[in-house]
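Computed from a predicted model, the values in this text were never measured in an experiment. Hydrogens, waters and symmetry mates are skipped; everything else that's a heavy atom, side chains included, is used. Lettering follows sequence order; numbering is per chain, from 1.
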Amino acid sequence: MSDSEDLPLALRKGQLNDHNPSADDDNIDDSGSDSDTPLGKRKRPAIRKKVIDDEDEDDEDIQSSDSGAPLIKRTRPAVKRKSYKDDSDDDDDGDESYDSPAASKKSNRSNSSLSEARDDSSDSDSDTPLAAKAKSLPKAKANGTSNGTNGTSRAKVAPKYKEESDSDSDAPLAKKAASKKSPTTKPAAKPLKTVKVKTEASSSASRKTMGSDDSKSAASKKRVKDEPDSKTKVKKMKKEEEEEEDEDENAWWLKEGGNEDDSVKWTTLTHNGVYFAPEYIPHGIKMLYDGKPISLAPEVEEVASFFGALLFTEHAENPVFQQNFFKDFSKLAKKHKTVPDITNFKKCDFTPMHEYFQKEKEKKKNMSKEQKQAIKEEKLALDESYGFCYLDGRKEKVGNYRIEPPGLFRGRGKHPKTGCLKLRVHPEQVTLNMSKDATVPKAPHGHKWGKIVHDDTKTWLATWKENVNDSTKYVFLAAGSSLKGQSDFKKFETARALKNEVGNIRQAYLRDLKDKKMFIRQRATALYLIDRLALRAGNEKGEDEADTVGCCSLRFEHVTLEKPNIMHLDFLGKDSIRYQKTMEVDEQVFKNIRLFKREPAQEGDELFDRLKTSELNKHLQSLMKGLTAKVFRTYNASFTFQDQLDKLTPRKGTAAEKLLAYNRANRLVAVLCNHQRAVSKGHAVQMDKIVDKIRAFKYQKMKLKKTILTLEPKLKKKQPELAEPESDLDDEWIEQHEVQLMAKEREKVKLKWEKENEKKKENKEKPLTEKELKTMLKEVDEREKELVKERKSGKVTGARGATVEKCEAQLLKLDERIAATRTAMVDKEENKQTALGTSKINYIDPRISAAWCQKYDVPLEKIFTKTLRDKFKWAMTVDASWEF
DNA sequence: AACCTTACTTAGCACTTCTTAA
DNA sequence: TTAAGAAGTGCTAAGTAAGGTT
């Protein structure tokens with residue numbers, strides 16, 4: 001990877017390998033005293049406190065735990081967990097079917113192409129994180145074409161926006177940034193430019209006027225409805241107008257005074273409370289119990305409906321989901337004295353309800369425009385009343401003002417509580433947070449609010465307790481609000497601060513890899529993984545959560561080593577997304593992990609048994625203010641992105657090519673962070689279709705070439721390529737293809753005949769006879785015979801009036817189409833399981849993107865959607881030279 | 001435990017592409 | 001050949017679960 005070698009950290013290779021060359025083996029520390037057990041003597045404590053201890057005949061190995069008592073806190077039972085790898089055979093509780101859907105789904109996502117170890121001598125000499133480097137870099141390079149799924153095609157049609165830069169706003173942002181960080185940080189450039197999104201519709205017109213402005217636009221929207229034609233146009237204008245809004249008021253990044261103490265979040269806060277899901281309206285569709293329809297009280301019917309709606313989905317097939325649901329459901333049914341008593345899940349048949357919902361969906365789809373419009377208006381009205389609040393007098397958007405409606409809890413992965421009934425939340429359970437003098441919004445009719453508080457150190461407007469996991473839920477401001485923006489800014493500034501410190505920090509942990517104290521060694525090793533692989537911290541988890549891990553909670557079974565220094569990681573991370581990668585690691589890291597895994601290693605034992613995230617973070621805080629484990633993820637993501645963007649973007653190139661580079665850089669970051677998405681269900685089919693499409697093009701090419709040669713046989717010498725067969729086309733396929741073509745042709749003929757007949761019927765004319773249809777079909781037969789002949793002779797007559805020139809023109813067109821289709825295909829394949837959104841939204845400093853847009857003259861709209869532009873307003877005031 | 005960020009899935013719709021009719 | 005409509009895809013925004021940090 002020559003391109004990563006020029007990175008500044010290249011010099012660290014020496015340090016990394018030469019550092020303390022004598023002390024690099026495992027047993028030097030046998031003598032180490034200290035509260036920490038010396039490494040060599042250390043024994044893997046084998047008694048695992050089982051928090052759940054039912055079925056455990058297994059591994060009751062009695063051995064004394066060493067010195068401290070580190071194990072008590074271990075929450076994960078040591079019950080041998082079958083790793084998800086071999087999901088085909090059983091599972092702790094013998095519930096195969098529970099295991100399999102999830103497991104198979106996940107395994108789809110695993111990135112098989114990544115599994116070979118890369119031999120890449122230049123490992124340590126670059127800043128590029130291992131996880132990205134090990135596989136994705138070469139991968140991305142290997143295929144010349146990728147991404148820009150829509151970029152390419154949409155580029156042509158997308159509305160053209162002008163970007164306007166008003167050059168000289170002053171630079172308080174820079175000041176703020178500079179003042180907040182260590183002096184080494186490069187201030188955010190002096191002459192600030194603003195990337196502003198201007199549209200044809202919105203000129204300077206809609207400045208300010210706050211509140212009234214909005215109600216106006218809402219009113220006019222209603223008017224728009226009955227204006228016949230220009231409807232859509234006006235609608236668009238309105239939309240864009242909104243975008244500009246009260247910019248100055250909320251532009252905190254243009255204002256002075258970054259207050260160091262940010263524990264106080266607001267001085268005044270007023271809002272209209274929250275919106276509750278409407279009460280349940282019974283539909284009266286009866287479920288069957290033991291084959292007979294039964295009547296349910298509305299409350300019971302509602303819950304039955306929750307399940308009915310999910311019938312035939314993965315959830316509804318999941319035994320744990322079923323059990324949890326049924327426990328809550330039968331209890332509720334009993335409470336309402338349902339007859340007969342519902343005691344057996346297997347006797348429940350929810351299909352009538354399911355069918356009903358299917359029909360309702362269909363109905364909804366077929367609603368008239370007016371009905372759909374009415375629904376939209378209703379939503380808008382809600383936004384009007386609950387969608388905004390006033391924070392320090394400024395109007396700000398509220399995020400999730402809707403209290404979560406009741407339903408069945410859909411835990412991800414193997415969540416033990418999945419399927420439990422999530423109860424309806426009532427105003428009495430909700431606490432509101434607002435200014436003391438704010439008008440308390442009316443609670444819904446017949447209800448009162450649980451509590452009203454005035455805590456200016458909190459950003460939430462409302463909170464309630466959810467019944468399934470007993471966790472607290474909040475209503476926060478929207479992502480585009482000043483509060484969120486400020487903390488986003490802060491997050492990225494911390495990451496940039498790390499950029500300046502990371503050299504030292506790396507040096508330190510590399511040194512610590514050989515420390516005599518076990519704890520320090522573990523800490524250093526974990527830090528290495530967090531830094532180089534962008535792993536999450538990995539907090540401890542409770543029993544009633546899905547079994548997922550991060551760095552500190554990795555267990556033995558998640559890591560396998562292969563000499564000389566290759567490490568395989570395979571575990572379920574956040575959201576039960578599988579992390580499965582192989583990479584070369586630092587030699588000492590390799591040794592350490594081997595050491596940690598020393599016998600008697602057991603599945604279920606933690607790799608870093610001395611380490612907790614809190615301790616790791618405490619240490620990090622001592623290295624740099626504000627530094628925590630997650631900052632490394634942000635830092636590495638943004639750094640990698642900037643780095644790759646610089647390398648990949650072509651100076652001269654079309655907008656599409658630049659976008660391609662952007663998306664590739666984005667994708668690398670996504671791979672680094674292991675951001676995945678489910679492969680869409682139709683993916684394979686779609687790919688097959690594309691392959692066939694390309695073949696069909698090639699078939700046409702072949703025919704055209706033969707036509708040319710038939711018309712002008714002399715050309716065979718001049719242009720021998722005309723005689724060459726198309727790749728990827730064999731005789732069998734051609735034959736099949738032609739059969740299909742003819743079949744389609746016949747269908748068409750038939751349809752035409754039928755339609756024509758209908759017309760004649762309407763006009764009271766004599767209908768076409770079957771005979772006529774037959775003659776028409778005969779033409780097709782003729783054509784088919786012709787094709788067969790052509791196949792044998794290799795001579796093709798071609799269409800009427802075919803000339804060599806026309807054919808050649810068509811050939812060129814076909815080549816273009818093939819190329820375009822192929823690009824799209826490669827792109828699609830690469831993208832099928834990588835989710836770019838998460839990194840774009842949370843990890844990549846938006847200022848990198850803003851600067852890039854300026855530098856390469858790409859409109860911001862091409863890379864940020866409306867909501868993202870809104871969220872990143874604060875970042876748009878950088879000039880082209882800004883760097884992370 | 002509180003509180004805020006990050007993560008994935010999904011509903012709904014916009015955009016493309018394919019068909020059909022003129 | 002073009003315009004309009006239908007069907008198929010892909011994207012955005014919403015929703016809420018699941019992380020990290022204090």
key: Shortest non-hydrogen contact between Phe492(A) and Asn842(A), atoms and distance   = CZ-O, 3.9 Å
Interatomic distance where OH belongs to Tyr474(A) and P belongs to dA2(B) [whole Å] = 6 Å
Set of residues satisfying salt bridge (Lys or Arg N to Asp or Glu O under 4.0 Å) with respect to Glu360(A), sequence neighbours excluded = Lys363(A)
remark   = So NZ of Lys414(A) and OG1 of Thr418(A): to nearest 0.5 Å the spacing works out to 13.0 Å
task = Indicate whether OP1 or OP2 belonging to dC3(B) is found under 4.0 Å from a side-chain N or O atom of Thr459(A).
result = no
request  = With heavy atoms under 4.0 Å as the rule, sort Lys364(A) into base, sugar-phosphate or nothing.
outcome  = sugar-phosphate
ask   = Picking from dC4(B), dT9(B), dA13(C), which would you name as closest to the side chain of Trp460(A)?
value = dC4(B)
request  = Can you tell me the distance, in whole Å, between the CG atom of Asn467(A) and the P atom of dT16(C)?
outcome  = 14 Å
key: d(CG, Leu477(A); C1', dC3(B)) in whole Å   = 14 Å
task = Could you state the atom-to-atom distance from NZ of Lys365(A) to P of dC13(B) in whole Å?
result = 12 Å
ask   = Of the nucleotides dC3(B), dA2(B), dA7(B), which has the atom closest to the Arg633(A) side chain?
value = dA7(B)
query = Within the pair Thr472(A) and dA2(B), is there a side-chain N or O less than 4.0 Å away from OP1 or OP2?
reply = yes
query = Nearest nucleotide by nearest heavy atom, which residue falls closer to the 5' end of DNA chain B, Thr634(A) or Asp470(A)?
reply = Asp470(A)
Upstream residue (5' side of DNA chain B) when Lys491(A) and Asp455(A) are each assigned their closest nucleotide = Asp455(A)
message = dG10(C), OP1 or OP2 - any side-chain N/O from Ser680(A) closer than 4.0 Å?
response = no
task = Nearest whole angstrom, please: distance from the C1' of dT16(C) to the NZ of Lys417(A).
result = 17 Å
message = Output the rounded distance in Å from CD (Gln373(A)) to C1' (dG12(B)).
response = 14 Å
message = Looking at Tyr843(A), I'd like to know whether one of its side-chain N or O atoms comes within less than 4.0 Å of OP1 or OP2 on dA7(B).
response = yes
task = Could you tell me whether the side chain of Gln621(A) and the main chain of Lys625(A) form a donor-acceptor pair under 3.5 Å?
result = no
ask   = In whole angstroms, how far is the P atom of dA13(C) from the CG atom of Asn400(A)?
value = 17 Å
Per-nucleotide protein contact string for nucleotides 17-22 of chain C, where B marks a base within reach and S marks sugar-phosphate only (heavy atoms under 4.0 Å, - for neither) = BBSBBS
message = Any base atoms under 4.0 Å from Ser487(A), or only sugar-phosphate, or nothing? Heavy atoms, all strands.
response = sugar-phosphate
message = If the cut-off is 4.0 Å, is Thr867(A) near the phosphate of dA13(C), judged by side-chain N/O to OP1 or OP2?
response = yes
note = Smallest heavy-atom separation, Lys422(A) atom then Pro405(A) atom, equals CE-O, 3.5 Å
inquiry  = Tell me whether Ser638(A) contacts the main-chain N or O of Tyr843(A) through its side chain, where contact means a donor paired with an acceptor under 3.5 Å.
reply    = yes
Between dA14(C) (P) and Phe476(A) (CZ): distance, integer Å = 17 Å
request  = For the pair Asn433(A) (side chain) and Trp460(A) (backbone), establish whether a donor and an acceptor sit closer than 3.5 Å, ignoring hydrogens and angles.
outcome  = yes
request  = Hey, could you give me the CG/SG distance between Leu533(A) and Cys673(A), rounded to the nearest 0.5 Å?
outcome  = 11.5 Å
query = So what does Lys465(A) hit on the nucleic acid, given a heavy-atom distance under 4.0 Å: a base, only sugar-phosphate, or nothing?
reply = sugar-phosphate
